[in-house]
Each structure stands twice: as C-alpha cells, then as structure tokens.
Asker: 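Have a look at the structure that comes next, please.
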Amino acid sequence: MLESIIKTLNEPQKEAVLYDDGSVLVLAGAGSGKTRVLTTRIGRLILTGTANPRSILAVTFTNKAAKEMLLRISSMVSHDLRGVWIGTFHSLCHRMLRMHYKDANLPQNFQIMDMQDQLSSVKRLLKTLNVDPEIILPKDVQRFINNAKEQGLRYSEIEDVSDFNRQFIELYEAYDIQCQKEGTVDFGELLLRSLELLQRHDELRKHYQNRFDHILIDEFQDTNSLQYKWICLLSDLDTSVFAVGDDDQSIYAFRGADVSNMAKFEHEFKVKKTVRLEQNYRSHGHILDAANELIKNNPSRLGKNLWTDSESGDPIRVCESVDDNNEATWVIEEIHSFLKENVSPSEIAILYRSNAQSRVFEHCLSQNGIKYRVYGGFRFYDRAEIKNALAYLRLLDNSDDDNAFLRIVNFPPRKIGTKTIETLQELAKINSCSLYKAINFMEEKRSKALRLFMGIIEDLRIETCNLSLPNLIDLSLKNSGLIEHYSSEREGVDRLENLKELVTAGAGFSFSEKIEDNVPSNVGIGSDQSTSRSQDVTDIIFADELKENLSPLAAFLSNAILDSGESQAEVGEEAVQLMTIHAAKGLEFERVFIVGLEEGLFPHENSLNEFGGLDEERRLMYVAITRAKKNLFLSYTQMRKLYGQYRYNRKSRFLEEIPEENLHWVSQGPKQKVSQNYHSGREENFFISEGGISSKRGELSSNIVDKRFRVGVEVRHPKFGEGIILNVEGIEQDCRIEVRFTNGDIKWLALAIAKLEIN
DNA sequence: CTACCAGTCCTTTTT
DNA sequence: GGACTGGTAG
C-alpha cells in the first residue's frame, strides 16, 4: 500500500517523504504536490513504525487544511490517530492552555476573543483610562498590541523610543491586566501564553520535547517569529522538523509572517537536506507561464522555476468591462456556458482582492439562479444575533466576561441605560471586580433592572446545569428574551432562522471527538501536590484531562471563535465558489476568475505605502493565478462603485507583467451600449476593437499628461458636470484627481481615463 | 430610556 | 454603501 503510493511520487517528492536524518526544508512550488508529500510522509512514519502516532505534531494554516490532512492520513493507516496533534498554531496552543491552565495562570473557563471582541475591549479600556479615542485610535492600539504579540513581545520588552510609543506600551500593559481580570484571551495571547508556559516550566517543556519526535509545518513561509520560537521550544536535538513552504506564496506579512524564517530555519536547525519541488501537476502551460513571468518581477526570491509536462491549454482570457455590474455579467455569462457543458460548479471559483467585491457577484449569481457559496467575509458566528446569543452563553460560562456582559445587559432592551452602566463601571473599578459582580455593590433601588437581569442569568445557570448542549442553548435563547425580541421585529425571520441554526450547531458539536490526549496536567506552580509527581511526569497518563478542564459549553464557545464558521453548506454542495485570494490559498479549481484587476484595488493602494507591499501584492496575484487548473480568466473595469461613489481606475500593472502570448483579450459582446450612459462620445478609446483582440497597452497615456490639472482648478466632466479639483496625486499614467462636483459629490478620477476638461 | 436621524470614517487581506 | 457615533425628540 505504502510502497505503491511512494512509487507514484517523483524523485524530489520521494526524497522528502523518505528522508530520515534530521530536519528538512522543502521548497514546494504551487501545485507541486506538497500536501501529498506531507501526508505520505506522516503515513510512512506511522506505517513503518518509525514513529508512534502520538509523537507527531503537524501544524497547518487553517482548520480546514487540518481536517483534510487528518482525513487523508486516516485513509492510509488503520492506526488510532487521536494521539496525533494536528491543527493550526492557534488551536494547538489553545489545547495546550486548556490542559495546563493553572500553570499558564489562566482561569479554567478562560474565553477567547475574536477581533471584534478585542476591539471593544480596547475601546472600553480607553474609556476607563480617560483616553480620548479621537487622539489614540482604538484600532491603532489593537494593531500595536497584536503586532507586539506576534513578535512574542510583552509590554515590558518593547523599547520605548518616544513618548507616543510609551503611551501605547502603557495601554498594552493595561489591556493585558484587563484581559487577565476578565478571563479573556485574544488570538495573539493564545500563542504568547503558550510560548511562555513552555519557557517557564521546564518539566512541561521537556515532556513535550520528549513526546514530539516529528514536527511538520505546512505553509512555513507564513509563520511569524512567535510561532517560530514556539517550534524551537518544542524541539530538542532529536526532533526532526519538516518544514514545507514557498517564499513566492508568502502573503501574510501584514499579520507578522516573516519569510526569513525559512532561511533562519535552514541555518538554526542545521538542515542537511533541502528539497525543491518544482514540477507542477496542476496548471496548463499558459497559466504556469503567466505565473512564472509575473513573479520574476519580484526581487530577492529564493529562486525556483515551476515547470509542467502538461499541454499549454487555452490562453488566459482577459476582459475589460465598463463597471462592476458589467464585470459580473460577463463572469456569469462565462460561468453559464461552463455549466451548460456540465462543468461542476464547485470547480469554478471567483477570486477577488477584498471581501466587499463579493456583493455584486452574489447578486448576479442569485438573479441567474446559480448556486454559489461565499467563504470568509461575514461568517455565521459574526452575525449580530449569533453574537448576542453567544454572549448569553459566555456570561453563563464566565460571569466575569465584561465584553459579553456589556453586549447583552440591555439587549433585548430592559431599561438599563448608559448612566446605570457608568455607575456600575465605577463600582467595578472601586471593588476591582467584574461588572456582573459589581451589581451586588449597588444600592437596591438603583439596581432593580440590573438585578432583574442578574436573575435571568442566575436562573438560567440553575436550569441548564443538567441539560445537553443543544437544550442549554435553546433554553438560553428563550429565557434571554432573544426569541421574543426577534419575533416581534419586522425583519426578524432570518435572525430566528440563524438562532435555530445555532441550536443545531450545538447538537452537531460532539464534544467527545475533541478529546484526544493524554498529557500531564498542571505541573509545578499552581497545584501543590503536583511537585511530587512532577519528577516522573513524562509518561503519566491522565485520561480525559481536557474533558475535565472544559465544559461542553466552554468547548463549544472556543470552537465557535477559532473555527471560522464553515458551518453552512458543507461537503459535496455543488456551488460556485466565491472567496478572497487569501482564502483561496491551498485550494485549486478547474476554472478560475480573478476579478477587479485594477490599480488601487489590486494591487491595493494601501499596500503601495507599505514596505515590500507591492511585492506581497504580486505574490498574491501569483497565488491567484496558480489556483487554476484548466482555464483562467482575468477581468477589470473602467469604473467601479466604491464607498457608494464611482471611481475610475487604470488596469492593474500585473496585467502588463504577463506575456502577451499567454493572453487572449476579449470584448464584452453586444452589451457595450451601456457605456453611453457614462461617456459622451470618444467611445473609441474605451472599447476593445470589434475583433475582440487588442494588445495596445498604454495607448491612452501619452497624450493626457497635463500640468493644467492642479488643485483649485475648475473642471468639467461629461457625465458628472462641473467641479473643482481638491487633490492631485501620482504622475502620468498614475495621476488621479479628486474633484468636488457642483452637486456636492466628491470623486477620485484617474486622469488617464476620465474625460476631464478645464472649464 | 428608546427610537430615529444626521454626520463621519472607512476596508485590504485572517488565525 | 454601511457601521458607528452623537444628538434630539418623545
């Protein structure tokens, strides 16, 4: 069985799977079969008895990838795989913290905050500290904290280079104190706390170092320095670390990922073997050529050239549309013809740079009766009604959770206003306790409404203590008044549906599946008797330790926040796939549409100001292109609605970086008349010629560069009328002008495209 | 206290 | 176009 799988591998793949002499770095290009290599390697370790399943730790980038990997391995081996640690950095660290919560100095029922929770937590902090949120933006504080944590730094470890900086450091400290008090933990904290746990507890660290002989990391180019340190702590001299990555697919620098970890790893882990996987099994020639040529524009790559045996296939089709609606129409027309040819809809993907772009496509798809599925974006667990319901559950599980408290103390409305909350917050501050507990410090008659609320929670706590998870959720929804509230709301039907779904999710959440480990728990500080057993701690088995530490409700809540809510429309659902390019990483589709290829959108204008930002955008484009197996479509528009206003853009520079011979420029068909709404005359510049093929790039540029367009000058636009220039930025092709028109509208226009005249 | 309105900023990308 | 804030009337 194993033999026959290995036979199908190419030479470098085989090397990677079979290598047994220390740590390995695998440079795996897109579509070169890296998932196969990873799973086959794990399968081999287990099947040949080289490694005990429980000595394997595999880190993936998403929960989805983790599930997929586990599935593939279990199809290869008959062993019990529950001892294998597979998951994202976050889920693995979470697991570790749950098991060793005492040593990590966390309450047993600590709760995870998502980004929204974290932001409101910061806002609350600023308020209690009397910091003006106009001067110090909560978002910036959040960013500062997260950046620091991603680098593994506590507030005390950050250099205070300026007064301004010091303020952030102080806020970071205060924030951590607040979280500790409330028993909440943000994403970065999961990792940092876990790292510190390992740093401070020698027995524990040794235990894990002894336990894990094989550490495998997928998407290594996307690890940040904190994650790197975590891996270092878990490995000792005998550990074989198998890191797979592709520097060309590093697209998470904005979140602290550091490609240099690859070179660092090679050096620090004394890697004797570096394997390059360069044969691509996924894409046709034109697609691969385009990707290769594009990425050559990036400096400082580790260097790698993908090649393929397969035929060159159809050239990449490129379409220019008048606006975003037309773009969607074109895409849907193409999809329609595929569906007629019986292409499975799930093999068709629409990829875009930012979530906001999905709306037009969703609308168009549903109008045409095509089933689709959107990944990411607003997720199930992000919906307001779900968050409200979860807040009740969280408060039930941990009444110190002030975030949850504030969210629902007056929802549904129960006559508790800002005034009441403010006095409550003061009482909480004086007595240094949670808001919930502070209710008891308030005089009876002022806190009537609050005590009523408390009553609801306390009754619920008693009534639900013996209920199953779905029943518990169901009763909470009823007693909280949420059901009643949404029933009376005009548009509440959908919300009620979603709440029902939450109960279903609770029923489907089988907690027992999550119990999969035997590890010593709470060694050292925190549990007094444990000192005696910490000596021979290594292989003591504490069955179901995790289960004891975590109630089903708490497990459900953690899962809801960590798992990005892939709850709807599961497996086998035949639907067109919509997602951001980031979300598409690691996936592949037969037909791929990359839309919105315009300067400012992709590459995104914000990225241009960041160091290395453009290179990262280009890698993002590279990732997008290499998702396609058979057909690739590129699309851009002349104007697009953004923030409710039309905005002109030039086509993306990435289009210029793809060789002409791989492209086939197409026109949009008879629908082009629409254009006359926007431009009077001079249509010839806008449309690709009748034959449908045009290669005249940049033809619009040379004659329009004009110094007369300056701030304050009055201009006229054929569609929008007269206006005054507020702003000019960029030069030549990139020149954009901000105009306030007489009707009050303010728009950014690309000078190369908009038909502006001096008035 | 609630309900509603107007004004402001904004969006990259995610565990 | 939407989320969020602040102000005002009932």
Asker: Just how far, in rounded Å, is C1' of B/dT12 from CG of A/L601?
Answerer: 9 Å
Asker: Where the side chain of A/K415 is defined as all heavy atoms beyond and including C-beta, which of C/dT5, B/dT15, B/dC1 is the nearest nucleotide?
Answerer: B/dC1
Asker: A/H485 has an atom NE2; how far is it from atom P of B/dT2, in whole Å?
Answerer: 10 Å
Asker: Atom OH of A/Y375 and atom C1' of B/dT14: how far apart are they, to the nearest Å?
Answerer: 17 Å
Asker: I'd like to know whether A/N388 forms a side-chain hydrogen bond (donor to acceptor under 3.5 Å, both in side chains) with A/Y486, so could you lay out the CA-CA distance, the side-chain angles of the two residues, the decisive distance to 0.1 Å, and finally the verdict.
Answerer: CA-CA 12 Å; A/N388 289 333; A/Y486 287 122; 3.2 Å; yes
Asker: Round to a whole Å and report the spacing from CZ of A/F187 to C1' of B/dT15.
Answerer: 6 Å
Asker: Is there aromatic stacking of A/F254 against B/dT13, centre distance under 5.5 Å, plane angle under 30°?
Answerer: yes
Asker: Does a side-chain N or O of A/K585 approach OP1 or OP2 of B/dT14 to a distance below 4.0 Å, or not?
Answerer: no
Asker: Remember a base hit wins even if backbone is also touched, and classify A/N410 as base, sugar-phosphate or nothing at under 4.0 Å, heavy atoms.
Answerer: sugar-phosphate
Asker: DNA chain B: A/T88 or A/L137, which has the more 5' nearest nucleotide?
Answerer: A/L137
Asker: Report the distance from atom CG of A/L191 to atom C1' of B/dT15, rounded to the nearest whole Å.
Answerer: 8 Å
Asker: If I take atom CG in residue A/D324 and atom C1' in nucleotide C/dG1, what distance separates them, rounded to the nearest angstrom?
Answerer: 12 Å
Asker: Determine, answering yes or no, if A/H90 is stacked on B/dT15 under the 5.5 Å centre rule and the 30° plane rule.
Answerer: no
Asker: Do the side chains of A/R143 and A/E150 get close enough for a salt bridge, i.e. N-O under 4.0 angstrom?
Answerer: no
Asker: Could you tell me if A/R255 sits above the aromatic ring of A/Y252, with its cationic atom closer than 6.0 Å to the ring centre and no more than 45 degrees from the axis?
Answerer: yes
Asker: Can you check the distance between C/dC4 and B/dT13, where both ends of the measurement are the P atom (answer in whole Å)?
Answerer: 15 Å
Asker: What contact category does A/K139 fall into here, base, sugar-phosphate, or nothing, at under 4.0 angstrom with non-hydrogen atoms?
Answerer: sugar-phosphate
Asker: Pick base, sugar-phosphate or nothing for A/Y252, based on heavy-atom distances below 4.0 Å to the nucleic acid.
Answerer: sugar-phosphate
Asker: Whether A/N224 contacts B/dT15 is assessed here as follows: a side-chain N or O lying under 4.0 Å from the phosphate OP1 or OP2. Is that the case?
Answerer: no
Asker: Could you please name the option among B/dC1, B/dT13, B/dT15 that lies closest to any side-chain atom of A/S354?
Answerer: B/dT13
Asker: Please check the phosphate of B/dT14 (OP1 and OP2 only) for any side-chain N or O of A/T580 closer than 4.0 Å.
Answerer: yes
Asker: Pick the closest DNA chain B nucleotide for A/S607 and for A/M115 by heavy atoms, then say which residue is nearer the 5' end.
Answerer: A/S607
Asker: Students often get this wrong, so: under 4.0 angstrom with heavy atoms, is A/I416 touching a base, only sugar-phosphate, or nothing?
Answerer: sugar-phosphate
Asker: Inspect the surroundings of CD in A/E484 and state if more than 12 heavy atoms from other residues, nucleotides or ligands are less than 6.0 Å away.
Answerer: no
Asker: Can a side chain N or O of A/N355 be found less than 4.0 Å away from OP1 or OP2 on B/dT14?
Answerer: yes
Asker: Roughly how many Å is it from CD in A/E616 to C1' in B/dT14, rounded to a whole number?
Answerer: 12 Å
Asker: Is it the case that A/R98 places NZ or CZ above or below the six-membered ring of A/F110, under 6.0 angstrom from the centre and within 45 degrees of the axis?
Answerer: yes
Asker: Would you kindly give the CZ-to-C1' distance between A/F411 and B/dA3, to the nearest whole Å?
Answerer: 14 Å
Asker: To the side chain of A/N63, which of B/dT15, B/dT11, B/dC1 is closest?
Answerer: B/dT15
Asker: Name the closest nucleotide to the A/R255 side chain, picking from C/dG1, B/dT14, B/dT11.
Answerer: B/dT14
Asker: With a 4.0 Å cut-off on heavy atoms, is A/S120 in touch with a base, just the backbone sugar-phosphate, or nothing at all?
Answerer: nothing
Asker: Think A/R373 forms a cation-pi with A/Y375, using NZ or CZ under 6.0 Å from the six-ring centre and within 45 degrees of its axis?
Answerer: yes
